[in-house]
Each structure stands twice: as structure tokens, then as C-alpha cells.
Amino acid sequence: MNTTTRQNALVIGCGIGGPVAAMALQRAGIDAAIYEAYDRPADVTGSFLNVASNGLDALRTLDAHRQVLADGFPTPRMVMWSGSGKRLGEVANGLTLPDGTTSITITRGLLHRALRDEAVRRGIRIEAGKRLVGVDGQAGGVFARFADGTRAQGDFLIGVDGLHSRARQIIDPASPAPRYTGLLSLGGIARHAQVAPTPNAYHMIFGTRAFFGYSARPSGEIYWFANVARRDEPTRQELSTITPRAWKRQLLDLFAGDAGPAPMIIERAGDELGAYPIHDMPTVPRWHNGLIALAGDAAHATSPSSGQGASMAIEDAIVLAKCLRDVPERATAFATYAQLRRRRVEQIVKYSARIGRAKTAGPVGRRLRDMLMPLALKFFANSRAHAWMYTYHIDWTEKIDAPQKAA
Ligand SMILES: Cc1cc2nc3c(=O)[nH]c(=O)nc-3n(C[C@H](O)[C@H](O)[C@H](O)COP(=O)(O)OP(=O)(O)OC[C@H]3O[C@@H](n4cnc5c(N)ncnc54)[C@H](O)[C@@H]3O)c2cc1C
């Protein structure tokens, strides 16, 4: 990095990784502004997610974790059940950090707001209604072109623009498209007085025909989701014609006869109920060129089963900023970042896909799964087996001293 003039980065996307990238770049001595496609926050009602302990640990590197922790609630355990009501076992959802922090569940709206507000508090500019459509290179820098006809100039651009990233297509028009996993996801936040609270835990039910997960808070709020197998990917148009009532009926049919509270909870589902096809991106060959680098889902989306997508976006953003701080040439810094991150994130995408497949087993697979899962959970899904995922720690003060060759 040239230390005589301050560099200026364009960060595309103000979801999860975008504000974290801007804050991390600022800490690395690089000015950053964020450009978000939507005019106002697209914080979907009822949508929530797990932020794993490793993601919270990474956020703490920037001292940006406090509001996120305050707005979430701890969910450090997962208890697995079969559709017949057999308890299959329990698995830790992350680690307990030295100060007692564990993985949390938080609504997407509150997570976005906490990160956005923290970035603004640190003086980072966020421009809304700026949908990236193109990038023009210029001597030593970039011009980002937006759909509203405006442009922004920077020394380089970080594409944190999600699963359907425009930045990814700009770097490599031949980049693979997101892969449909054969699962739809539905869910929301319901209330039901008769569902017993599940303190600190998610309960996951491998149902006969579909998968159901929930965590019931003492306040009566139940955070729930269902994964439904569907071989061919439905179009957006098709999904938009299915009403919440129709989904409710379909879910009630799918969970009829299974043990557990799924039908009771689904009965109370609100009108926000909609289905999303689940995608992932196992390998994106090019994460960067001389002017643009990708982070988060833009570079490597994982399906939700691992509960790691948000945490991966946070980790990426901070490692990328560290590389830009420590590695003299920008192209080499980008290459070093990709080298440091690729193996880990691709391993998580694979791990998540494996869990997804267990959710859609046929009758024979189901019987085997219900028989073998208690052993598998005991011997292969314990904290030691998952240490590679959760013990990842970014030391901001440690210098990156093994730069990779630019691609
Ligand atoms: C149903 C579901 C459940 C999930 N559950 C979990 C979970 O429990 N735990 C977990 O860790 N992860 C979960 N994930 C994954 C997680 O949401 C993503 O991994 C995470 O949001 C990635 O962050 P990101 O910043 O890379 O992308 P995003 O959060 O998607 O943000 C991208 C941003 O870029 C903006 N943008 C897009 N295109 C442009 C453009 N051309 N110009 C400007 N801005 C643009 C978007 O509007 C958005 O604000 C889930 C995903 C789904 C679909």
C-alpha cells in the first residue's frame, strides 16, 4: 500500500459484509464509502439468522460486536430429533468465547441495522439507490457505474454484493451461476403459548417429508424455519403466485403425522411467509483482478445449513483489509487474501451441502440416518470435529508476512 496518499475504496453492497469491509478498511487506513442498490434497507420482516461464535469473534476485532450481541439471543446448542420423535442427539452450535459469548440468533433487520449504524457512527458514507452496473478501469483506479446514471471514483472496488453479484460478473463474465441445492426455505417468527421455551437451543426435526427447525424464547416468540425438497428450481414468478395460505397448507400436509410442535407453529405463521430457493456457490474461480476483489456471498455462497454465511462474509472482509494493510502491491494483496480464505470457505460450502442432503433423505436413507445419526453426532459432530470451523481467529495486530504472487 502506498503510505503517502490515503487510498479510497468503493464498497459495493450494504448487507452484512459491506459495512464490515468498510469499517475494516478504515481501520487499515483506507477510506471507504458504501454503495447499496436499494433505496431503503431491504430488511425482510420475519427473516432471521444464526451468527456463529467465530463470526462474532471476528466482529470483535473491529469492536463492532456490541449492538449485534445486544439485539440477538444466545443459541449455542442444537438438539436433533427424528420425525418419529426419537431424540437423535445434540451438537454444539459454535464455541463459548472467553467472555462467555456464544453463537446468537438475530433478525436480519436488526443485524443489518446494527452494522450499518456502526459504520455511519464511524464516519463512513453510505449511498443508497446505487445499483452497480459496470466498472471502468482508469490509470491506477476505477469508475463504478450505477443504474441511476451516476458514477463514483475510487482506487479500487470491493464487491460485497451478494449471491447474484454484479461485481463477480464484471471480473469474470464466465463465472459459474449460483447452484440450486434442491431445497426451498420458509420460515418466520410466530407466537404460540403452548410451545415450551427452548433456552439456548435450536431443536431440529428431520421430519418424514421435510425438515423443521425452531427456537422458542421465554417471551413466546418462536423463530422457525422449514426446508422442503423440490427437485427443479421454481422461478420467482411461480413463487410469487403462491399465497402464504397455500404455503401454510402445504407445510401442514408435509409435517402431518410427525412428532413435535411443527404443525402448531406453522398454524400461527404470519402473512410474511414466503419461500426462497436455496443456492450455494462451491467454487468461484476468480475472486479478484487488479482493481476489484469479491467478499462474502459474491465469492462463495454457502447454503444456510452450516449457519456460517454471515460469519464468512465478516471474516473475509477483515482478512481482506489486513492484506491491503500489510501487502505492498494491491494485486498481490488481493491474491494473498484469496489464498488465505479460499480453502476455509470452500470447506464450509461443502460441509453445509452435506447437511442439506441429510435433510432430504428418501425412506431408506431416512431409516439409516435415524439409526446412525446418534453415533455420528457423538463421534463425528462433537466440538473437536468442528474445531476447524469455530476456532478460527483473526489477530488484527499480527502482520501478514507471506504475500502470494498476484494471479
Ligand atoms: C434463507 C436463508 C437463511 C440463511 N441463514 C443463515 C444463517 O442462519 N446464518 C448465516 O450465517 N447465514 C445465513 N444465510 C446466508 C447469509 O444470509 C449470507 O451468507 C450473508 O447475507 C452474506 O453476506 P453478504 O454481505 O456477502 O451478502 P448480502 O447480505 O446478501 O448483502 C449483499 C448486499 O448487496 C446489495 N447489492 C446486490 N447487488 C448490488 C449491486 N449491483 N449494486 C449495489 N448493491 C448491490 C444487496 O442489496 C445487499 O444489501 C442464510 C441465507 C438464506 C437465503
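Both counts, for ligands and for their atoms, begin at 1 and track the order of listing. This is a predicted model, so every value here is computed, not measured.
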(message) So for atom CD, which belongs to E238, do other residues, nucleotides or ligands contribute more than 12 heavy atoms lying within a distance under 6.0 Å?
(response)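 Atom CD in E238 is crowded, with more than 12 foreign heavy atoms closer than 6.0 Å.
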(request) Please indicate whether R191 has more than 12 foreign heavy atoms, meaning atoms of other residues, nucleotides or ligands, lying under 6.0 Å from its CZ. (result)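 It does: R191 CZ has more than 12 such atoms within range.
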Show the atoms of ligand 1 that are less than 4.0 angstrom away from any heavy atom in [X].
{"X": "Q308", "value": "10 (C), 11 (O)"}
{"X": "G307", "value": "9 (N), 10 (C), 11 (O)"}
{"X": "V160", "value": "25 (O), 32 (C), 33 (C), 34 (O)"}
{"X": "Y38", "value": "47 (O)"}
{"X": "G162", "value": "27 (O), 30 (O), 32 (C)"}
{"X": "Y35", "value": "43 (C), 44 (N)"}
{"X": "A313", "value": "23 (O), 26 (O)"}
{"X": "G296", "value": "26 (O)"}

(message) Measuring from non-hydrogen atoms of Y276 to any atom of ligand 1, is the shortest distance under 4.0 Å?
(response)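 Y276: no contact with ligand 1 (<4.0 Å).
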(message) Please confirm whether R108 approaches ligand 1 to less than 4.0 Å, judged on its heavy atoms.
(response)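 Yes.
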Test your reading of the structure: does [X] have an N or O sitting under 3.5 Å from an N or O of ligand 1?
{"X": "T302", "answer": "no"}
{"X": "N50", "answer": "yes"}
{"X": "A310", "answer": "yes"}
{"X": "L49", "answer": "no"}
{"X": "D297", "answer": "yes"}
{"X": "G17", "answer": "yes"}
{"X": "F48", "answer": "no"}

Return the [atom1] to [atom2] distance between [X] and [Y], rounded to the nearest 0.5 Å.
{"X": "Y390", "Y": "S103", "atom1": "OH", "atom2": "OG", "value": "6.0 Å"}
{"X": "E127", "Y": "I34", "atom1": "CD", "atom2": "CD1", "value": "10.5 Å"}
{"X": "M264", "Y": "I222", "atom1": "CE", "atom2": "CD1", "value": "7.5 Å"}

Modelled atom types, side-chain donor and acceptor of [X] and [Y], under 3.5 Å:
{"X": "D258", "Y": "T208", "value": "yes"}
{"X": "T96", "Y": "T102", "value": "no"}
{"X": "H279", "Y": "E233", "value": "yes"}
{"X": "Y202", "Y": "T105", "value": "yes"}
{"X": "T181", "Y": "S303", "value": "no"}

Would you mind telling me if ligand 1 is within reach of the side chain of [X], the backbone, both or neither, using heavy atoms under 4.0 Å?
{"X": "S185", "answer": "side chain"}
{"X": "C14", "answer": "backbone"}
{"X": "K130", "answer": "backbone"}
{"X": "F146", "answer": "neither"}
{"X": "R131", "answer": "both"}

Heavy atoms only: which of [options] lies closest to [atom]?
{"atom": "atom 42 (N) of ligand 1", "options": "L132, L183, L111", "result": "L132"}
{"atom": "atom 48 (C) of ligand 1", "options": "E36, R166, M312", "result": "E36"}
{"atom": "atom 44 (N) of ligand 1", "options": "A128, G15, A37", "result": "A37"}
{"atom": "atom 38 (N) of ligand 1", "options": "I34, V20, D161", "result": "D161"}

(message) Between D148 and R131, does any side-chain N to carboxylate O distance fall below 4.0 Å?
(response)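 No.
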(message) Under the criterion side chain to side chain donor-acceptor pair (under 3.5 Å), I'd like the reasoning laid out for Q308 against N54: C-alpha separation, chi angles, the key distance, then a yes or no.
(response) CA-CA 9 Å; Q308 284 284 346; N54 50 297; 2.9 Å; yes
(message) Treating R344 as the side-chain partner and W388 as the backbone partner, does any N or O pair qualify as donor plus acceptor under 3.5 Å?
(response)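 It does hold such a pair.
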(message) For W287 and Y337, take the angle between the two ring planes, folded into 0 to 90°, and tell me which bin it lands in: parallel under 30, tilted 30 to 60, perpendicular over 60.
(response)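 Rings of W287 and Y337: tilted, 30 to 60°.
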(message) Using the side-chain contact (heavy atoms from CB on, under 4.5 Å) definition, which of the options I314, I104, L95 pairs with L56?
(response)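 When I314, I104, L95 are each tested with L56, the side-chain contact (heavy atoms from CB on, under 4.5 Å) holds only for I104.
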